[in-house]
Asks: 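Below is a structure I'd like to ask you about.
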Amino acid sequence: MDLFFGRGIKFTPSKDVPSLAGKVVLVTGANNGLGKQSVLDLARYGRPAFIWLAARSPERAAQALADINAQLDLEPNAKDGDRTVIKTVELDLASLASVRAAAQRVTAETPGSRLDILMLNAGIMSTPPGLTADGYEIQFGTNHLGHALLAKLLLPMLLQTAAAHPDVRVVVLSSVGHTQAPKAGGAPGEAGIMFSGLKTEQAALGALPRYGQSKLANLLFARELARRYPAQLRVAAVDPGLASTGLANNLESRALRAVVNSLHFLYPSPADAVRGPLWAATAQPPDVIESGAYYKPLGRKGSDSPYANDELAAKLWEWTENELQAYTL
């Protein structure tokens, strides 16, 4: 297991997820993989009051919810009155209109207008060139921009919750792939994130550098969000490590896709790989998580990228705010 998780901290969800009684959680990309596992484990071990299961496909979200509830029905305390209420919400991160609609529903329907844990889990990896519904490079638009808008629109709820119930957390899934962000390929002087080409397919960069760019953006977004709200939010960017989640099914390279999928039996299951995100979302005391930090598996702090810096984080934040300024609730 060290091959995938290193020699970091020990965290076993069944033992270490604390009581989340009364709390409200939202998890994106929760119809499968780590998102679905996060919902299951939080409901099983932490038992928050309410979880939003966000996913692009309503049908797959409904199936995931049915699977989760079936597993929760087998728990010894399944009949207790404090069982977590789980609801689905449609969320297509490649459409800013869909993100706004999801945020509007969450804001309107969340009990007590409370949000304690926001897990920005969804993502795509090394896909063929393409654009989002709004004309952004598909991986950057999905992995970063859609999540950034969701966080922006839910920020008032997060801050309101923090004022009454300290220990509000935002967990952003990044990846070791952020170290593959492009060193060049945009305007002169651009590195890490090719801002000048984000409204194109950026086909010439290659699938992996495009993915690395989006995962670097996840890391930088977490860093700057933490800097701007140091007293209210605890934010972490987390690399969950390799996992058998199906994320590689849409790899641009057929040969690489075949190799990766042929070795899937070697990869940790979602139940193993979810430990890092769950640690960041729930570990106690809260200050074991350094807000704004990037964590490798499991709980080991630090990025190996020269682009993981405050200057680029601030530039990305400003660019993102400008792109999203028209989107309000």
Side-chain angles (χ1 to χ4, degrees), residues 4-5 9 11-21 23-57 60-72 75 83-89 91 93 102 106 110 115-125 143 147 150-151 154 158 167-175 218 222 234-247 267-284 289 295 297-299:
F4 302 103
F5 293 118
I9 62 161
F11 186 85
T12 303
S14 61
K15 298 178 181 178
D16 297 323
V17 170
S19 171
L20 303 174
K23 294 193 175 188
V24 175
V25 181
L26 187 150
V27 184
T28 70
N31 62 291
N32 61 18
L34 300 185
K36 181 180 177 183
Q37 191 70 45
S38 294
V39 173
L40 174 61
D41 283 357
L42 289 171
R44 176 188 279 157
Y45 305 126
R47 309 191 79 180
F50 194 93
I51 297 178
W52 283 107
L53 187 162
R56 180 177 59 182
S57 165
R60 293 179 181 176
Q63 183 58 59
L65 179 56
D67 292 345
I68 290 168
N69 279 330
Q71 293 185 66
L72 293 177
E75 293 294 305
R83 178 163 167 167
T84 300
V85 175
I86 307 172
K87 292 183 70 173
T88 64
V89 58
L91 173 67
L93 291 165
V106 169
T110 299
L115 183 58
D116 301 84
I117 301 172
L118 176 60
M119 299 187 73
L120 303 179
N121 164 84
I124 58 177
M125 176 183 176
N143 295 346
H147 275 141
L150 182 67
L154 296 181
L158 290 166
D167 191 18
V168 171
R169 304 197 194 187
V170 180
V171 179
V172 187
L173 260 67
S174 184
S175 165
N218 290 149
R234 190 165 299 276
V235 189
V238 178
D239 169 18
L242 293 173
S244 181
T245 63
L247 185 62
Y267 302 153
S269 69
D272 281 328
V274 80
R275 293 183 296 136
L278 289 183
W279 169 77
T282 68
Q284 296 294 327
I289 311 296
Y295 288 97
L298 183 67

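Residues take their numbers from the sequence shown, with the count starting at 1. Hydrogens, waters and symmetry mates are skipped; everything else that's a heavy atom, side chains included, is used.
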Asks: Tell me the closest heavy-atom pair linking A236 and A222, and the distance in Å.
Replies: C-CB, 4.3 Å
Asks: Check the pair T84, V25 against side chain to side chain contact (heavy atoms under 4.5 Å, CB included), reporting the backbone distance first and the verdict last.
Replies: CA-CA 10 Å; T84 300; V25 181; over 6 Å; no
Asks: For T282 and F11, run side chain to side chain contact (heavy atoms under 4.5 Å, CB included): C-alpha distance rounded to whole Å, both residues' side-chain angles, the deciding distance at 0.1 Å, then the answer.
Replies: CA-CA 11 Å; T282 68; F11 186 85; 3.6 Å; yes
Asks: Tell me, with the steps shown, if Q63 and D67 meet side-chain hydrogen bond (donor to acceptor under 3.5 Å, both in side chains).
Replies: CA-CA 6 Å; Q63 183 58 59; D67 292 345; 2.9 Å; yes
Asks: Determine whether P13 and V17 make a side-chain contact, defined as any pair of heavy atoms from C-beta on separated by less than 4.5 Å.
Replies: yes
Asks: Tell me if a side-chain donor or acceptor on N121 pairs with a main-chain N or O of G29 at a distance below 3.5 Å.
Replies: yes
Asks: Kindly indicate whether the side chain of P297, heavy atoms from C-beta on, has any atom under 4.5 Å from the side chain of D239.
Replies: yes
Asks: Which atoms form the tightest heavy-atom contact between V274 and S38, and what is the distance?
Replies: CG2-OG, 3.2 Å
Asks: Consider side-chain contact (heavy atoms from CB on, under 4.5 Å). Of D16, V171, I289, which one does W279 pass it with?
Replies: I289
Asks: Side chains of Q37 and L278: does their closest heavy-atom pair fall under 4.5 Å?
Replies: no
Asks: Measure the spacing between CZ of R47 and CD of E75 and express it to the nearest 0.5 Å.
Replies: 8.5 Å
Asks: Judged by atom type as modelled, is there a donor-acceptor pair below 3.5 Å linking the side chain of T12 to the main-chain atoms of K15?
Replies: no
Asks: Could you check whether any side-chain heavy atom of L72 comes within less than 4.5 Å of a side-chain heavy atom of R44, counting everything from C-beta outward?
Replies: yes
Asks: Looking only at heavy atoms, which two atoms of L91 and A102 are closest? And how far apart?
Replies: CD1-CB, 3.8 Å
Asks: Got a second to check how far D116's CG is from R169's CZ, nearest 0.5 Å?
Replies: 10.5 Å
Asks: Do L150 and T28 make a side-chain contact, defined as non-hydrogen atoms from C-beta onward lying under 4.5 Å apart?
Replies: yes
Asks: Kindly give the heavy-atom pair with the smallest separation between L53 and A64, and that separation in Å.
Replies: CD1-CB, 4.3 Å
Asks: Can you tell me how far apart CZ (R275) and CG (D41) are? Round to the nearest 0.5 Å.
Replies: 11.0 Å
Asks: Give, for atom OG1 of T110 and atom NZ of K87, the distance between the pair rounded to the nearest 0.5 Å.
Replies: 8.5 Å
Asks: At their closest point, which heavy atom of V39 faces which heavy atom of A30, and how far apart are they?
Replies: CG2-CB, 3.9 Å
Asks: Among N218, L34, L120, exactly one meets side-chain contact (heavy atoms from CB on, under 4.5 Å) together with L173. Which residue is that?
Replies: L34
Asks: Report yes if some heavy atom in the side chain of N143 is under 4.5 Å from a heavy atom in the side chain of L93; otherwise report no.
Replies: no
Asks: Within a reach of under 6.0 Å around CZ of R56, are more than 12 heavy atoms found that belong to other residues, nucleotides or ligands?
Replies: no
Asks: Roughly how far, to the nearest 0.5 Å, is CG of L20 from CD1 of I51?
Replies: 8.0 Å
Asks: As an exercise, state the distance from CG of L40 to CG of N69, rounded to the nearest 0.5 Å.
Replies: 10.0 Å
Asks: Under a 4.5 Å cut-off applied to non-hydrogen side-chain atoms, are P277 and M119 in contact?
Replies: yes
Asks: Please give me the minimum heavy-atom distance between A61 and A55, naming the atom from each residue.
Replies: CB-CB, 3.9 Å
